[in-house]
Amino acid sequence: MISITFKDGSSKAFEQGVTPIEIAKSISEGLARVACAASFDGELIDLRTPLAKDGALEILTFDSPGGKHAYWHTASHVMAQAIQHLWPQTSFAIGPAVDNGFYYDIDLDHTITPEDYEKIEAEMKKIIKADYPLERYELPPEEALAMMKEKNQQYKVELIEEHAAEGEPISFYKQGDFTDLCAGPHLLSTGKLKAVKIMQTTGAYWRADANNKMLQRVYGVAFPKAADLDAYLKMLEEAKRRDHRRIGRELELFMLTEEGPGFPFFLPKGMVLRNLLLDYWRQIHKEAGYVEISTPIILREELWHQSGHWDHYKDNMYTTTIDEHTFCIKPMNCPGGILVYKSKPRSYRDLPLRMGELGLVHRHELSGALHGLMRVRCFTQDDAHLYVTKEQIKDEVKGIVRLIDRIYKTFGFEYFVELSTRPEDSMGSEEDWEIATDALRDAITELGFPYTVNEGDGAFYGPKLDFHLRDCIGRTWQCGTIQLDFQMPERFELEYTGADGEKHRPTMLHRTAFGSIERFIAILTEHFAGAFPLWLAPVQVKVLPIAERNHEFAKAIFDKLEAAGLRAEIDLRSEKIGYKIREAQLEQIPYMLVLGDKEAQSGQVAVRGRRKGDMGVMSLDDFLALTAEEIASKATGLETEAAE
């Protein structure tokens, strides 16, 4: 017998060799119906896997990342089988599940076009209706090679040959007339899939090597319900409408050029938005007891060897030669901040020392990975490095969490937290990692914040808490992070004098809130669809005189708006007022003041809101009071949208 522990902490004895799907059935038939995969002692496994020892088991449904992975991985096999039925001469490369669905790389003379998508989907539906069981089996490497050579699957042959020397059996999954080299996990049968959709095709070099053949990469997505697929497709349409690249161009916020791929240019209105964010950052960090520093962009290569970044990050670093020495353009701010700490002796009375930096960093990203402001080659990190005693760790982590929470709530974001643990390429002892991980876990638990564990995804020098924003259409973005680090203080021999007069090693906390100013601006742009809250809007009010005879009054109102500190523009063109209003609306101006003869005579202003439309006539003082309150509260406007 073996003892199986469930997520709620309860345990139950089962016969050795029991499978997760059998355990799921013993709990409820309903759970078994929706089960996609299982997690056993933190490892993603197939529902058919016999369990041979005591351990912790979780049955995974589509609502979990592991369940989605199995669901979408199965869908990639079904899509490959459909393609094989339609074009039997196809050679298959790899077909994994990815964050937003699945793909398969194929070698086929026929070019897959959007006109073929319906054919593939129709064939997939036949395979789903047939409800073929997915059967896992293993072959010795020699037999596996012979089978794939017989099927003329040269890419599978290459993959098998890489592992043949190890002598380990090669695993396959079979469904009907389709067999694929695969480690799994998968659903129990093709009939478990429901709604499928082919999304797009792109080119992809075999093994991402431009020296290899260009393959066709066919992307798809699948859901347990047709309604879920419909909602996903609507979300994609909404995301397209909110694309920050288009909005940034139309609102003249930033530009990207062929002369500097991945190096964004901020335009005047974009700089207003950027500086407002930085002003806000400086204000709340000053309130939280941070001091601000600035460190050089270029530093000697030796520094990056000492920090460990060279060993783990050199392929993403730009270098240059100065006075016959190699220098690196910084990809991170940490080593420069450490040199500031070391610039003078430190005492326990100086700790905790909270040093913030809005540091420009450069990272070499592949051209195919670049995406507007979301993925760039240079960006400003809103970094901070805190130097603390071991006794201060928990309270300082709590303080950072509260600060990040305050920031995200200001912009109307919901978020969730992940605790990322030790990766394979880590530095430091197991004991240090355990202490650091426990400190983060205890801090977030005591604050009452729910979190999930992301095994093996910590930084190379320490575990971290990652904060994932959820925008108003449900997409998630990883922005803030808190990383606990015992390693760099050791490498750089950081010290402080304790109350006992002895030298001690501080602990270092790395953290960001925005993550990257550029990326955060992109997220905000899409979150608000360019309709920024009044306090962030590059132009807050537009003055629209109806006729030329109203210009003098309009200029006087404009001057008073500027004197009150509002960012205003005035439209003195001889266009019809309806045209001016439509243009201001397209420019996402929060408020328009429409001024005609009646307003000039009464000295009042006719107010139009971006969302509310005609708000009636009021005194300028009342309008200024209205805007002052909205700015002071940092209202997002999303509350109004939800109510409507």
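These numbers were taken from a predicted model, which means no experiment stands behind them.
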Item to check | Side-chain (Arg610) to main-chain (Ala584) donor-acceptor, under 3.5 angstrom | outcome: no
Checklist outcome for this item: What one should report as the nearest heavy-atom pair of Glu526 and Arg242 is O-NH1, 2.8 Å
Item to check | Lys330 side-chain N/O to Ile298 backbone N/O, donor-acceptor pair under 3.5 Å | outcome: no
Item to check | Parallel, tilted or perpendicular, as decided by the 30° and 60° cut-offs, for the rings of His362 and Phe263 | outcome: tilted
Checklist entry - Out of Leu465, Asp383, Val401, Asp382, which one pairs with Arg511 under the side chain to side chain contact (heavy atoms under 4.5 Å, CB included) rule? => result Asp382
Item to check | side chain to side chain contact (heavy atoms under 4.5 Å, CB included), paired with Phe558, selected from Leu566, Ile570, Val541 | outcome: Ile570
Checklist entry - Run the side-chain contact (heavy atoms from CB on, under 4.5 Å) check on Val98 and Asn100 step by step: do they pass? => result CA-CA 6 Å; Val98 290; Asn100 55 353; 3.7 Å; yes
Checklist entry - Ion pair present between Lys612 and Glu630, side-chain N to carboxylate O less than 4.0 angstrom? => result no
Checklist entry - Considering all heavy atoms of both residues, which atom of Ala75 and which atom of Phe102 are nearest to each other, and what is their separation? => result CB-CE2, 3.3 Å
Item to check | Contacts of type side-chain contact (heavy atoms from CB on, under 4.5 Å), residue Pro331, not counting sequence neighbours | outcome: Trp304, Tyr313, Met317, Arg363
Item to check | Test item: side-chain donor near acceptor, Gln540 and Thr627, under 3.5 Å | outcome: no
Checklist entry - Is a side-chain donor or acceptor of His73 paired with a backbone partner of His69 at a separation under 3.5 angstrom? => result no
Checklist entry - Ignoring hydrogens and geometry, is there a side-chain-to-backbone donor-acceptor pair from Lys125 to Val196 under 3.5 Å? => result no
Next on the checklist: Within a 6.0 Å radius of atom CD on Glu629, are there more than 12 heavy atoms belonging to other residues, nucleotides or ligands?
Outcome noted: no
Checklist entry - Would a line drawn from the ring center of Phe62 to the ring center of Trp72 be shorter than 6.0 Å? => result yes
Checklist entry - Taking Arg217 as the fixed residue, which of Thr201, Thr202, Asp105 is the one that meets the side-chain hydrogen bond (donor to acceptor under 3.5 Å, both in side chains) rule? => result Asp105
Checklist entry - Has Gln601 got more than 12 heavy atoms of other residues, nucleotides or ligands less than 6.0 Å from its CD? => result no
Checklist outcome for this item: All heavy atoms of Phe223 vs all of Leu229, minimum pair found to be CD1-CA, 3.7 Å
Checklist entry - Where the side chain of Gln200 meets the backbone of Tyr219, is there a donor-acceptor pair that is under 3.5 Å apart? => result no
Item to check | Lys542/Glu587 salt bridge by N-O under 4.0 Å criterion | outcome: yes
Next on the checklist: Once side-chain contact (heavy atoms from CB on, under 4.5 Å) is applied, do any residues pair with Ser294, and if so which ones, sequence neighbours excluded?
Outcome noted: none
Next on the checklist: I'd like to know if the side chain of Tyr232 reaches the main chain of Val221, judged simply by a donor and an acceptor atom lying under 3.5 Å from each other, with no hydrogens or angles considered.
Outcome noted: no
Next on the checklist: Before you tell me yes or no, could you show the steps for Phe413 and Trp477 under ring pair (Phe, Tyr, Trp, His ring centres under 6.0 Å), namely the whole-Å CA-CA distance, both residues' side-chain angles and the distance that decides it to 0.1 Å?
Outcome noted: CA-CA 11 Å; Phe413 286 118; Trp477 313 91; 9.4 Å; no
Item to check | Which atom of Glu518 lies closest to which atom of Thr380, heavy atoms considered | outcome: OE1-N, 2.8 Å
Item to check | Closest non-hydrogen atom pair, Ala226 against Ala195 | outcome: CA-CB, 3.8 Å
Checklist entry - Is the CG atom of Leu447 crowded by more than 12 outside heavy atoms at less than 6.0 Å? => result yes
Next on the checklist: Quick check: His527 with Phe411 (ring centres under 6.0 Å apart)?
Outcome noted: no
Checklist entry - Is a side-chain donor-acceptor pair under 3.5 Å present for Glu418 with Ser420? => result no
Next on the checklist: Would the distance check show the side chain of Asp485 and the main-chain N or O of Leu509 forming a donor-acceptor pair, the cut-off being under 3.5 Å?
Outcome noted: no
Checklist entry - At their closest point, which heavy atom of Met271 faces which heavy atom of Phe266, and how far apart are they? => result SD-CB, 3.7 Å
Next on the checklist: I'd like to know if the side chain of His285 and the backbone of Gly356 have a donor-acceptor N/O pair within less than 3.5 Å.
Outcome noted: no
Please output the side-chain donor-acceptor pairs of residues 246-253 that fall under 3.5 Å, not counting sequence neighbours, one pair per line with the distance.
residue	atom	partner	partner atom	Å
Arg246	NH1	Glu250	OE1	2.8
Arg246	NH1	Glu250	OE2	3.2
Arg246	NH2	Arg241	O	2.1

